[in-house]
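Following: one structure in structure tokens, then a few remarks.
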Amino acid sequence: MKFNKGILFILLGASFFGFTPIFAKIGFSHGYTLGQINIVHMMVSFVLLWGFTLIKRASFKGLHVKNILQIMATGCLIGLTSIFYYGSMQYLPASLAIILMFQFVWIGIILEWIFMNIKPARITVFSIVLILIGVFFASNFIGGEIQGLPIKGLVFGILSAFTYAGFIFCSGKVAVKVDAWTRSSIMVSGSAILVLVLFMGEIPTVLPLEKDLFASAAGVSLFGAVLPPLFYAAGAPLVSGGVANILTSVELPIAILSASLFLSESVALYQWFGIGIILGAIALNELGPNWIRKRRQNRAPSRE
């Protein structure tokens, strides 16, 4: 059987994203603020993504003022996700921040129900319940550690899930026929403008740029905003959408494993059990409907 390179590309892209908490935490450990890290992160992402877009001579066909503004507005959701996600890491262990952000899975389903009138199937509702059960175990609620954590960090983590779900929802509706690289570059432009406006007062503190600030923010940018889209763009056309969604969920265990290995965060066995439930629920939601449909077709009496 021929190996599908798309699977490898998507796994690599998701794995890269799982390393971003390391760089964010390193930046905070050096005393840099959320604003400083986000400013440099967005500037590096802006330069790299536009650089790739221009080098590749990506098409600008189909762009007009209206959809450019729509793409930039969608990019603002990624900017907010970055602020909330890395903001939660100031107060919470990286492993918990990624678990909270990963709630975008069921939040996205709710958004489709509200705005697209796509009612979730029973198996989807069951998957959501499983995800919430997995969160109960994975968040270390049993160990009692979550009760003593700052509310601000938990709120930031949940907000990052909502903004990321909003980004995924909008990115699938806005200017979908525009070249993917061009869209990504315009999105990062929207993100960069948002971050610069929100953290305007911290812009002077970034210059002159210190090497530790640049290294941590560039790591967040490279592993979070540049490499994943590169590999997703290469791998997504080679696999089905459901399989791609399942493969991208590998960023959850990778992020938690990297936090455990490089940030010395302890992860109990029952937390891994919860992570397994979350991943299983995602797989069930993506593959379950097709499996049920095929089973019904096999059971149906043939008409001759």
Donor-acceptor contact below 3.5 Å, side chain [X] vs main chain [Y]:
X	Y	answer
W181	T53	no
T182	F60	no
S221	A217	no
N285	I282	no
T81	Y164	yes
S258	I254	yes

Under a single-linkage definition using a 4.5 Å side-chain heavy-atom cutoff for Ile, Leu, Val, Met, Phe, Trp and Tyr, are [X] and [Y] assigned to the same hydrophobic cluster?
X	Y	answer
M42	V47	yes
V125	V135	no
V65	M72	no
W106	I118	yes
V188	I55	no

Exceeds 12 heavy-atom contacts within 6.0 angstrom, atom [atom1] of [X]:
X	atom1	value
F214	CZ	no
K173	NZ	yes
L269	CG	no

Which atom names give the shortest non-hydrogen contact between [X] and [Y], and what distance separates them?
X	Y	result
I277	L130	CG2-O, 3.1 Å
Q103	L132	OE1-CD2, 4.3 Å
V226	F52	CG1-CE1, 3.6 Å
A138	I278	CB-CD1, 4.4 Å
L77	C170	CD1-SG, 4.0 Å
S82	N38	OG-OD1, 2.6 Å

Side chains of [X] and [Y], heavy atoms from C-beta outward: is any pair under 4.5 Å?
X	Y	answer
M101	I98	yes
M187	S171	yes
F162	L80	no
L34	Y86	yes
L154	L96	yes

Rounded distance [0.5 Å steps], [atom1] in [X] versus [atom2] in [Y]:
X	Y	atom1	atom2	value
I131	I99	CD1	CD1	12.5 Å
I78	S45	CD1	OG	10.0 Å
S127	I109	OG	CD1	7.0 Å
L63	I68	CG	CD1	5.0 Å
L222	T20	CG	OG1	11.5 Å
S95	L252	OG	CG	10.0 Å

Just say parallel, tilted or perpendicular for the rings of [X] and [Y], cut-offs at 30° and 60°.
X	Y	result
F156	F84	tilted
F9	F231	tilted
F115	F169	tilted
Y85	F17	parallel
Y32	H30	tilted

Report the C-alpha distance between R183 and I186 in whole Å, list the side-chain angles of each, state the deciding distance to 0.1 Å, and finish with yes or no for side-chain contact (heavy atoms from CB on, under 4.5 Å).
CA-CA 5 Å; R183 285 177 76 228; I186 296 173; 5.9 Å; no
Would F199 and I83 count as a side-chain contact (heavy atoms from CB on, under 4.5 Å) if you check the C-alpha gap in whole Å, the side-chain angles of each, and the deciding distance to 0.1 Å?
CA-CA 10 Å; F199 297 107; I83 293 169; 3.7 Å; yes
Check the pair V206, E210 against side-chain contact (heavy atoms from CB on, under 4.5 Å), reporting the backbone distance first and the verdict last.
CA-CA 8 Å; V206 170; E210 297 178 5; over 6 Å; no
Checking V267 against W272 for the side-chain contact (heavy atoms from CB on, under 4.5 Å) test, could you report, in this order, the C-alpha distance in whole Å, the side-chain angles of both residues, the deciding distance, and whether it holds?
CA-CA 7 Å; V267 184; W272 285 112; 3.5 Å; yes
Derivation of the ring pair (Phe, Tyr, Trp, His ring centres under 6.0 Å) call for F102 and F104
CA-CA 5 Å; F102 233 78; F104 77 85; 5.3 Å; yes
